[in-house]
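First comes the structure, then the notes that go with it.
Order of listing sets the numbers, starting from 1, for every ligand and every atom in it. Values below: every heavy atom of this structure, side chains too, minus hydrogens, waters and symmetry copies.
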Amino acid sequence: MDVPTFLDLADAQKRLIEEVTATSAIIDVPLEAALGCVVASDVAAPIDIPHFDNSAMDGYALLHDDPALATERPQLAVIGESFAGHPYSGIVSPGQCVRIFTGARIPEGASAVVMQEDTTLLGDRQVRFDARPSAQHHIRHRGSDVRLGQRLFARGIRLTPAHLGLVASAGITSVSCYEHPRIGLFTNGDEIVMPGKPLGPGDIYDSNHHFLAAALRALPIEVVDLGHVRDDVRALENAIQTGLRDCDAILSSGGVSVGEADLVGDVLARLGEVAFWKVAMKPGKPLLFGHLGNTPFFGLPGNPVSTVVTFLQLVRPAFEKMCGLNPTSPWSIKATLRSAIDKSPGRLDFQRGIMSFDQDGSVTVESTGDQSSAILSSVVQANCLIVLPREQGNLLEGAGVRVQPYAQFGL
Ligand code: AMP
Ligand code: MG
């Protein structure tokens, strides 16, 4: 294939983000179904929150400047009660107070609340006040959380439980969101068998399908299962044609290397066009990217760790953009190596690492050991990826490195 090859990871990341388009289909999603959806237009509050002045304490609502409070042992008459949901409808005048509870409406006339702990109930509806309130003390004002018309959040954010709580507090029942892009997924290889089926000699179970399907579902993406495809040109063409009818992008694993059974690149070149092949990274070098008409195609290498790393570094940011999110390249923090690491210059290396926080908050990290791209257990053992720059050689214990914590990936 005569295409750009051995790209720098950063260039490949940038290109993938440039070459996919953000979804534009918008639907109104009820709050019950909106968790994880991407907001398609800014959401403004249709009411003040809170909607009325209310008490922050259990206590008594009164006039902060009531002359009766200026006396030696100030006492006021309790003229009624304001419960949350059951406001007091009268007016508070000098010499009077209203028993009030947290969240209850402040009665007309009152300008402060004295908390219960600073009072003594004297019987026959008289209360003594041991503290003098300042104006508006313990009153939560109308609109003090959010004002009518104020933006609750901007388009392009992904709805979390906290966002849903906030929109609900404004009385909103549904949010305008981007429709989930549909991503077609297939795995490729004659030796690959779905878990649940018996293994023939030379067969292995399909781990990449389950990893990728789950990793896609962790995004606002609808997975279209294109199944498992044999190392056969017709079978690959069929899977891709099916995906083209129904999907916004196609993602595959396996069959992108240089072996005789690696047919995905040739099929892509025949049905569409290859944009680039191979990235200067380890694991994951044979990553393939191209287009079939307007549909982007991502061919990941089959080695399970290569699949994981290329998905996280390259595919995920591009899919974030397709979902309407602002694409984010993985972030990293500084760490010190607890033991030496072997690395040969030439490719940017992602080693599986175990990081820990010391008492003083500093971070140290060590490799999980064998870094073969077939050792999927290393991905589970690790809690971060150690990022070693392209031209970096061996590193000694104590050397400074950067690590990408798993927390950002949901691994
Ligand atoms: P390939 O990219 O097709 O050359 O495959 C590279 C290695 O990854 C081979 O050892 C394959 O058996 C293995 N492999 C390919 N696809 C999968 C898969 N879906 N699940 C687990 N291992 C795979
Ligand atoms: Mg193969």
Side-chain angles (χ1 to χ4, degrees), residues 1 3 5-7 12 183-218 223-240 242-243 249-270 274 276-290 297-316 347 349-352 368 370-382 411:
M1 271 184 286
V3 293
T5 185
F6 224 54
L7 271 70
I183 309 290
L185 171 65
F186 70 84
T187 51
N188 161 240
D190 280 356
E191 76 283 26
I192 308 300
V193 174
M194 272 291 170
K197 297 213 174 110
L199 285 177
D203 289 349
I204 61 164
Y205 283 123
D206 190 341
S207 58
N208 294 343
H209 175 86
H210 285 280
F211 166 75
L212 289 171
L216 291 174
R217 287 195 188 101
V223 180
V224 177
D225 186 2
L226 301 174
H228 166 257
V229 185
R230 302 194 70 81
D231 293 318
D232 173 79
V233 169
R234 289 296 303 277
L236 285 164
E237 284 176 354
N238 283 341
I240 291 175
T242 307
I250 300 176
L251 176 65
S252 74
S253 110
V256 292
S257 195
V258 293
E260 272 160 41
D262 294 322
L263 305 170
V264 175
D266 291 343
V267 171
L268 176 61
R270 208 170 35 249
V274 176
F276 66 83
W277 182 39
K278 295 185 184 165
V279 178
M281 65 189 290
K282 186 184 174 191
K285 181 173 77 173
L287 178 111
L288 173 76
F289 177 73
F297 181 96
F298 300 76
L300 307 189
N303 271 307
V305 182
S306 310
T307 297
V308 171
V309 171
T310 48
F311 179 83
L312 297 177
Q313 306 300 321
L314 291 157
V315 181
R316 199 170 181 268
R347 286 194 272 160
D349 195 353
F350 290 95
Q351 301 210 358
R352 274 69 71 212
T368 54
D370 188 342
Q371 293 294 311
S372 152
S373 56
I375 308 280
L376 187 53
S377 59
S378 70
V379 175
V380 171
Q381 217 187 319
L411 278 180

Under 4.0 Å from one or more heavy atoms of Glu191, ligand 1 contributes atoms 11 (C), 12 (O)
Looking only at side-chain N and O atoms, does Asn208 offer a donor or acceptor that is under 3.5 Å from a partner on Thr187? no
The atoms of ligand 1 lying under 4.0 Å from a heavy atom of Ser207, numbered in the order shown, are 20 (N), 21 (C)
Ligand 1 to Asp262, heavy atom cutoff 4.0 Å, flagged ligand atoms 3 (O), 4 (O)
One should read off an interatomic distance between Ile240 CD1 and Leu268 CG, to the nearest 0.5 angstrom, of 6.5 Å
Note: ligand 1 atoms sitting under 4.0 Å from heavy atoms of Gly254 are 2 (O), 3 (O)
With heavy atoms and a 4.0 Å threshold, my read on which part of Asp206 contacts ligand 1 is both
So do Val256 and Phe298 actually touch side chain to side chain, heavy atoms under 4.5 Å? no
Honestly, for Ala261 the part within reach of ligand 1 (heavy atoms, under 4.0 Å) is neither
Ligand 1 atoms nearer than 4.0 angstrom to some heavy atom of Ile204 are 12 (O), 21 (C), 22 (N), 23 (C)
- Item | Short side-chain to backbone donor-acceptor contact, Tyr205 and Gly196, under 3.5 Å | no
protein heavy-atom neighbour closest to atom 14 (N) of ligand 1 works out as Gly302 O, 3.3 Å
min-distance protein heavy atom vs atom 18 (C) of ligand 1 -> Asn208 ND2, 3.2 Å
Residue, atom and distance of the protein heavy atom nearest atom 16 (N) of ligand 1 read Ile192 CD1, 3.5 Å
In ligand 1, the atoms that come under 4.0 Å of a heavy atom of Gly255 are 1 (P), 2 (O), 3 (O)
Residue pairs meeting side chain to side chain donor-acceptor pair (under 3.5 Å), one or both in residues 225-235, sequence neighbours left out, come to Asn188-Asp231
One finds that the ligand 1 atoms under 4.0 Å from a non-hydrogen atom of Tyr205 are 20 (N), 21 (C)
For Val223 and Arg217, the nearest pair of non-hydrogen atoms, with its separation, is CG2-CG, 3.7 Å
Distance col, row Asp349:CG vs Met281:CE, nearest 0.5 angstrom, shows 9.5 Å
Atoms of ligand 1 under 4.0 Å from any heavy atom of Ser253, numbered from 1 in the order shown, are 19 (N)
Separation between CG (Leu226) and OG (Ser252), nearest 0.5 Å, reads 10.0 Å
**Prompt:** Do the rings of Phe289 and Phe276 sit parallel, tilted or perpendicular, given the 30° and 60° boundaries?
**Reply:** tilted
Worksheet item: When only distance counts, is Asn303 in polar contact with ligand 1, meaning an N/O pair under 3.5 Å?
Response: yes
